[in-house]
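Here's the structure, in C-alpha cells; my notes come after.
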Amino acid sequence: MYAGKQPGYMGGSIVKDHHEEHVEEQRQELNELMAIRRTKLQSLYDAGVNPYGEKFERTHYAQEIIDNFESLEGQKTVIAGRLMSFRTHGKASFSDLMDASGRIQLYLRVDVLGEEAYGFANQLDIGDIVGVSGTIFRTKRGQISVEVESLKLLSKSLRPLPDKWHGLKDVDLRYRQRYVDLIVNPDVREVFRKRSQIIQCLRDFLNTRGFIEVETPMLHPIAGGANARPFVTHHNALDMDLYMRIAPELYLKRLLVGGLDKVYEVGKNFRNEGISTKHNPEYTSCEIYEAYADAEDMMKLTEDIFAYIAEQVVGSTKIVFQGREIDLTPPWPRKPMLEAIREYAGVDLTGLNDEQARKLAREKGLSVPNNASYGNIVEEFFDEYVEPHLIQPIFITDHPVEVSPLAKRKKDNPNLTDRFEPFIVTWEVANGFTELNDPIDQEGRFRKQMEQREQGDEEAHMMDEDFIRALEYGMPPAGGLGIGIDRMVMLLTDSPSIRDVLLFPHMRPR
RNA sequence: GAGCCAUUAGCUCAGUCGGUAGAGCACCGGACUUUUAAUCCGGGUGUCCCGCGUUCGAGUCGCGGAUGGCUCACCA
C-alpha cells in the first residue's frame, strides 16, 4: 500500500520536472544575465533547495537595529529582505540587505557559517530575497552590521536590477515597472509613504471634528457634479450604459438631505480628458460637506487642513516646493475673482453683459467662442492673467454664476456665487462653496447647462432630476469643499509631476 | 493635436568627418577573513527603436513611422 515513493517526494519530483521544462523553454529568449540566473535556479532545485521559501519570522527591521544599536549590540537578530550588493573577500563577505525600513550590512564568514553555507551564500545574486539570523555588531570601520549565523533563501530573483549607482532613470520604465523603481529608488518609497500619511492625517482631522466617512457610487447613471467629460461603461445584466463618476458631489448632498450633516468621501474620480503633469484620467479627491455652514467656514477648514497636514507630515507649515518657500500658515488672503482680474489684467469686468465681455476679451487678444458667456470670459481672463501669479496660498472668491451651477448666489449680487478656490504654486488645489439648496434655482441652472450642452459643450452638466427631487425635500444650508489629493501630495512631497505621486500613472499600453 | 528633444549592452551613458561597436556598473572565471561605488587579474555579453532611401560602405545623412519626455493647445 505504501510501496514506492512517498507522496511528498513525488510532489517534489513533479514540481522539479515542470520547472526543468519551463526553464529550458524560456532560456532561448533570455539574455545571458537572465539565462545564468535560471541555471542557478535549476541547480538550487537539483540540490533540493526550495528557491521560493515560506513564512519567515523576523525580530527586527534594519532601521530599528541602526536606530537602537547601543542597546542591541551583541544581541541576536532575525531579519529579512533583498540583497542589494555584495563585496566578497575570499573567506569573508559583506552584503547589504534592504527591507521596508532601510538597509543594513550583512557580514558573512566561512568560519561562522561553515564551508557549505558560505559557499551557498556566495552563489546568491543581487536581488535575491533572504532571511538571516545573526549577531548585531559594529565593524572596525564603524559600520553597524549583522554577523550572519544562518541564512535562508526566500525568493530567487531571475532578473538583474538596474545599476547600483545610477539606478533606474528612464521615466517611462520607472512608471511602467514601478516595482523596480521602488526597489532601487528609496525616495520613491518615501513619497508614497508620505502619501499614505497625508490621507491618514486628513481622515484623522475630519473624524476628530465629527465628520463621518461615506462611500457613494462610482458607477453613475448620470455623470454629475463637475464640468468634465466622463468615461462610459456598460452594465451587461441591466443592458445599460453607466458613467464612471466625475465627482461625488450630488450623492454627498443627497446625504445632507438625509440628515447626515457632516460627511466626507475620499476616492477616485474619472475624467475622460487630457493627460499632463497635473492631470491623470483617474485621480483622488476628498469632498467634504457640512450642514449649517457656508463658504467662509469651508475656507477656514481648508486652511486648517493644509496647515495641520503640513505640520504632521513635513513638520512645518512653511514648506519648500521646487526651491521656493511656500507658507501655508493660516489665514490665507481672500480675493474676489473680478478684483484679481482688475489687479493683474488691468481690466474691470464688473457688471458687463455677455456681449460686452466678449468684445473686451477680443480686444485683449483672448480667443473667445461666439457663445461664450460672461462667466466663461471671466474665467478666461483669470486663467490667462491671474493664475500664473498665484504662488503663495490665496483664496479666489465670488465666481460667476454661469460657471458655478451648484453654488449659491451671493446675497448682494445674483450674478456671482459664494464660491472659492484656493491656489498654491499656480495650481487650483481645492474648490468649495456655499451649496445651492434652492431646488427651483438648481433646476434652472441645470437647464442652462443643458442649453450649453446642446450647443456642443460636452462638459456642461446633465440634468439630474432625482437630485432636484432630493433638494425639494429640503437640504439644510451647507458648505462644501473638494480637495485634489494628488496635487496636495505633490505640494507636500515636492513632486513636480502628478505621475510622481501615483503608484501606477496612466500610460499608453505597449 | 503642434513644436522641440531623446531612443546604442541588463542599468547609466559615450561614440569625432560616413570606414570592423565603446566605458562604468552589473555579469562570468581567478585572488583576497572588517569591506562599503571594496580592490587586483582575465573575459564584451549588442535587432545601435523600426522601415525605406542615398552611398562602395549608415549608429552617424535623408524620408516615413513607433515610443517616451518637455513646452504649448485641450482639460478646472
Side-chain angles (χ1 to χ4, degrees), chain A residues 29-37 39-40 84-97 103-113 118 122-123 125-127 137-147 157-177 180-181 183-185 225-230 246-247 269 271-281 283 285 367 375-376 379-380 382-384 387 396 399 403-404 419 421-423 426-431 457-459 482 484 486-487 496-499 505 507-510:
Chain A
E29 302 193 5
L30 301 171
N31 66 52
E32 191 191 339
L33 272 66
M34 285 167 70
I36 289 163
R37 293 207 178 194
T39 305
K40 286 188 184 178
M84 296 304 288
S85 69
F86 277 108
R87 295 175 292 283
T88 58
H89 294 257
K91 296 190 172 68
S93 303
F94 297 90
S95 177
D96 293 321
L97 180 141
R103 288 186 182 216
I104 191 161
Q105 176 170 272
L106 304 181
Y107 179 48
L108 303 101
R109 301 168 56 118
V110 66
D111 54 6
V112 172
L113 282 161
Y118 186 76
N122 273 308
Q123 282 302 300
D125 288 303
I126 289 176
F137 79 112
R138 198 193 277 275
T139 64
K140 275 185 205 165
R141 299 285 181 91
Q143 179 75 44
I144 295 168
S145 308
V146 173
E147 186 171 81
S157 169
L158 298 178
R159 286 178 182 266
L161 284 173
D163 190 292
K164 68 176 173 188
W165 193 242
H166 299 97
L168 183 65
K169 287 191 175 157
D170 183 317
V171 236
D172 184 49
L173 268 186
R174 284 186 46 219
Y175 299 141
R176 285 182 199 275
Q177 298 183 19
V180 179
D181 192 28
I183 293 170
V184 300
N185 295 326
N227 299 69
R229 267 180 288 179
I246 53 175
N269 296 319
R271 297 190 178 180
N272 205 343
E273 290 164 356
I275 298 173
S276 77
T277 49
K278 284 184 250 352
H279 301 85
N280 196 61
Y283 71 95
S285 75
S367 74
N376 297 141
E379 259 194 341
E380 191 63 35
F382 180 80
D383 291 350
E384 184 67 24
E387 216 178 70
I396 296 297
H399 299 55
V403 295
S404 314
R419 180 179 172 190
E421 290 177 317
F423 283 82
T426 75
W427 307 336
E428 172 205 342
V429 294
N431 179 21
D457 182 356
E458 286 182 70
E459 285 147 28
D486 308 289
R487 289 185 188 176
S497 169
I498 195 169
R499 289 175 163 181
M507 303 291 280
R508 201 181 290 246
R510 276 223 160 138

Strictly by Watson-Crick or wobble contacts shorter than 3.5 Å, is anything paired with [N], and which nucleotide is it?
N      : value
G59(B) : none
U7(B)  : A66(B)
C13(B) : G22(B)
U39(B) : A31(B)
C72(B) : G1(B)

Between [X] ([atom1]) and [N] ([atom2]), how many Å, whole number?
X         : N      : atom1 : atom2 : answer
Leu161(A) : A26(B) : CG    : C1'   : 10 Å
Leu168(A) : G68(B) : CG    : P     : 16 Å
Lys91(A)  : U34(B) : NZ    : C1'   : 16 Å
Gln143(A) : A37(B) : CD    : C1'   : 13 Å
Arg271(A) : C75(B) : CZ    : P     : 13 Å
Phe86(A)  : C27(B) : CZ    : P     : 9 Å
Phe137(A) : U34(B) : CZ    : C1'   : 7 Å
Arg109(A) : U34(B) : CZ    : C1'   : 8 Å

Exercise for the section: Indicate whether OP1 or OP2 belonging to U12(B) is found under 4.0 Å from a side-chain N or O atom of Lys169(A). Expected result: no
Practice task
Give a yes/no on whether any side-chain N or O of Arg141(A) is located under 4.0 angstrom from OP1 or OP2 of U36(B).
Solution key: yes
Handout entry: Nearest-nucleotide 5' precedence on RNA chain B, Arg87(A) against His166(A)
Key =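 Its nucleotide being nearer the 5' end, the pick is His166(A).
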Handout entry: Nearest-nucleotide 5' precedence on RNA chain B, Val171(A) against His89(A)
Key =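 Between the two, 5'-proximity favours His89(A).
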Practice task
Please work out if Asp111(A) contacts a base, only the sugar-phosphate, or nothing of the nucleic acid, heavy-atom cut-off 4.0 Å.
Solution key: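 Answer is base: heavy atoms of Asp111(A) come under 4.0 Å of a base.
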[M] and [N], which share atom name [atom1], separated by this distance in whole Å:
N      : M      : atom1 : answer
C25(B) : U20(B) : P     : 26 Å
C48(B) : C13(B) : C1'   : 13 Å
G22(B) : G68(B) : P     : 32 Å

Exercise for the section: Let me know which of Tyr118(A), Phe94(A), Phe86(A) forms a ring-ring contact (aromatic ring centres under 6.0 Å, His included) with Tyr107(A). Expected result: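 One option only clears the test, and that one is Phe94(A).
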Handout entry: side-chain hydrogen bond (donor to acceptor under 3.5 Å, both in side chains) between Arg271(A) and Tyr283(A), worked out
Key = CA-CA 8 Å; Arg271(A) 297 190 178 180; Tyr283(A) 71 95; 3.0 Å; yes
Practice task
Determine whether any donor atom in the side chain of Gln105(A) lies under 3.5 Å from an acceptor atom in the base of U35(B), or the reverse, and answer yes or no.
Solution key: yes
